[in-house]
Amino acid sequence: MNLFNSALGKNITFVHPAYFIISGFSGIPNIKYYYVFLCFVYIVSALGNTVVMAVIYLDHNLRTPKYIAVFNLAFVDLLGSSALVPKLLDIFLFNHRYISYNDCLTFLFFSYTFLSMQVLNLVALSYDRLIAIMHPLTYQVKVTHRFMLSLIASFWVFAITADLVLVGLLTRLSFCGSVVINSYFCDHGQIYRLACNDNTPSYVLAVFLIALIFMSPLSFIVLSYVCIGYALSKVATALERYKAFKTCTAHLSLVAIYFIPLLITFTMSSQIHPNARIVNLSLASVFPPMLNPIIYVLQTQEIKVSVKKIVKGRIESQIKVKKVNIKLQPLFIL
């Protein structure tokens, strides 16, 4: 962080507060029930994503490029929920609204990194479906394990680097007035607007990253499905079109769950009460990690088959153990 504090080589001292105050959810009646609900969402999310990762790890048939991206999505969802929800509950449910300056920037970095990776994972899965449907004969050549691992790794490097720069620029801001963040976490937009010196670099980077990490992925996903729709229109029979499109339903559901609430909230932000906006954004942050594993288990045939096989194998092994124990009981009696 000290690299950014040089102010382009100038000896400038920046005023950093000892703490920030997170003021979201203020004045909402019976809000504690919402915190309990968030706790339930986090438990379901943690269990669901752990199950998806375990199933992919245990079943060798699922170790394909597509499921590398699915595994990474579950991994990111688990880390993202763990970075956001427990801290959110600590701040609001236990009334620890004062958060130190360094802790706030750390909280911001991890929250934004995992939120960014959720979007970039959807891009990887969209590319996988695009090649699988438009170039089925060369799919295994174009989408290899090495390619998918490289793509996921490049997304991680990009997200971490971008958010390090985002946080680094915040350290070059002085806070000599209010330290109240009107959000449910250490929100970048709320923080840089509190600065009393020039916040233009932070503003420009925020706009750039919104375009690069939100609008560009959404545009790519929409364009990829336009191409998929065009390719499917050339397929001879309706049954073949249905079977091909069915492989995209899980991914389309994830895209809808992630983007639609955010698009509605940002489009109607001026007409929504600040508290309602905070609640909507918090739900948009915690719901996708909970619903993603449920959608993939219910809508993806390979995972359903794998789960059934693992459960069946577990039951059969327990039955065998019981039978062995029953046969051995008379020997112990004698």
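Here the structure is a predicted model, which is why all the values come from computation and not from measurement.
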- request: Flag the pair L130 / H135 as yes when at least one side-chain heavy-atom distance between them is below 4.5 Å, and no otherwise.
  value: no
Exercise: identify the closest heavy-atom pair between P261 and A256: CD-O, 3.6 Å
task: Report yes if some heavy atom in the side chain of L209 is under 4.5 Å from a heavy atom in the side chain of H188; otherwise report no.
output: no
message: Set out, in order, the CA-CA distance, both residues' side-chain angles and the distance that settles side chain to side chain contact (heavy atoms under 4.5 Å, CB included) for I152 and L120, then state yes or no.
response: CA-CA 8 Å; I152 295 296; L120 296 174; over 6 Å; no
- request: Scan side-chain atoms only and decide if D187 and Y112 contain a donor-acceptor pair under the 3.5 Å cut-off.
  value: yes
field: Nearest-0.5 Å distance that lies between atom CG in D163 and atom CG in L105
entry: 12.0 Å
query: Going from CG on N280 to CZ on F287, what distance comes out if it is rounded to the nearest 0.5 angstrom?
result: 11.5 Å
Side-chain touch Q118/P289, heavy atoms, less than 4.5 angstrom: yes
field: Minimum side-chain heavy-atom gap L170-L108 below 4.5 Å
entry: yes
message: Centre-to-centre under 6.0 Å for F214 and F259, is that the case here?
response: yes
Step-by-step side chain to side chain contact (heavy atoms under 4.5 Å, CB included) determination, N72 to M117: CA-CA 9 Å; N72 190 63; M117 279 305 301; 3.7 Å; yes
task: Working to the nearest 0.5 Å, report the span between CG of N182 and CZ of R277.
output: 9.0 Å
message: Check for me whether the distance between the ring centres of F25 and Y34 falls short of 6.0 Å.
response: yes
query: Does atom OH of Y35 have more than 12 heavy-atom neighbours, drawn from other residues, nucleotides or ligands, at distances under 6.0 Å?
result: yes
field: Minimum heavy-atom distance R129-Y225, with the two atoms named
entry: CG-OH, 4.3 Å
message: Go through it in stages, so that I can follow the logic: the residues are V222 and S219, the test is side chain to side chain contact (heavy atoms under 4.5 Å, CB included), and I'd like the CA-CA distance, side-chain angles, deciding distance and then a yes or no.
response: CA-CA 5 Å; V222 171; S219 300; 5.9 Å; no
message: If only side-chain N and O atoms count, and only distance matters, is there a donor-acceptor pair under 3.5 Å linking S45 with N49?
response: yes
ILVMFWY cluster, L283 and V36 together (side-chain gap under 4.5 Å): no
query: Taking all atoms of both residues into account, what is the closest heavy-atom pair of I257 and I295, and its distance?
result: CD1-CD1, 3.0 Å
Rounded distance (nearest 0.5 Å) linking atom CE of M148 with atom OG1 of T64: 8.5 Å
query: Does V51 share a hydrophobic cluster with I43, counting links as ILVMFWY side-chain heavy atoms below 4.5 Å and allowing steps through other members?
result: no
query: With no hydrogens and no angle check, do the side chains of S100 and N102 hold a donor and an acceptor under 3.5 Å apart?
result: no
query: Which pair of non-hydrogen atoms, one from I191 and one from C104, has the smallest distance, and what is that distance?
result: CD1-SG, 4.0 Å
query: Quick one: CZ on F20 to CD1 on I181, what's the gap to the nearest 0.5 Å?
result: 5.0 Å
message: For a 4.5 angstrom cut-off between non-hydrogen side-chain atoms, does Y98 reach I21?
response: yes
- request: With the side chain counted from C-beta on, respond yes when L281 and Y184 share a heavy-atom pair under 4.5 Å apart, and no when they do not.
  value: yes
- prompt: Between Y127 and F147, does the ring centroid distance fall short of 6.0 Å?
  reply: yes
message: Please report the interatomic distance CG(L125) to SG(C248), rounded to the nearest 0.5 Å.
response: 10.5 Å
- prompt: Considering all heavy atoms of both residues, which atom of S116 and which atom of I213 are nearest to each other, and what is their separation?
  reply: OG-CD1, 3.7 Å
query: Do Y203 and D198 have side chains that get closer than 4.5 Å, going by heavy atoms?
result: no
- prompt: Is F94 linked to V286 within one hydrophobic cluster, defined over Ile, Leu, Val, Met, Phe, Trp and Tyr using a side-chain heavy-atom separation of less than 4.5 Å?
  reply: yes
task: Answer with yes or no whether the side chains of Y67 and D59 bring together a donor and an acceptor at under 3.5 Å.
output: no
field: Parallel, tilted or perpendicular: rings of F114 and W156 (30°, 60°)
entry: perpendicular
- prompt: Same hydrophobic cluster for L223 and L151, using side-chain heavy-atom links shorter than 4.5 Å among ILVMFWY?
  reply: no
- request: Decide yes or no for L173 and F175: does some side-chain heavy atom of the first lie under 4.5 Å from some side-chain heavy atom of the second?
  value: yes
message: side chain to side chain contact (heavy atoms under 4.5 Å, CB included) for D77 and M290? Distances and angles first, verdict last.
response: CA-CA 8 Å; D77 285 343; M290 181 189 74; over 6 Å; no
message: Ring of Y57, cation from R63 - is the NZ or CZ under 6.0 Å from the centre and inside 45° of the axis?
response: yes
- prompt: Which heavy-atom pair separates R97 from G24 by the least distance, and what is that distance?
  reply: NH1-O, 3.1 Å
Co-membership, hydrophobic cluster, residues L218 and F208, 4.5 Å side-chain: yes
message: Can you tell me if F75 has over 12 outside heavy atoms packed within less than 6.0 Å of its CZ?
response: no
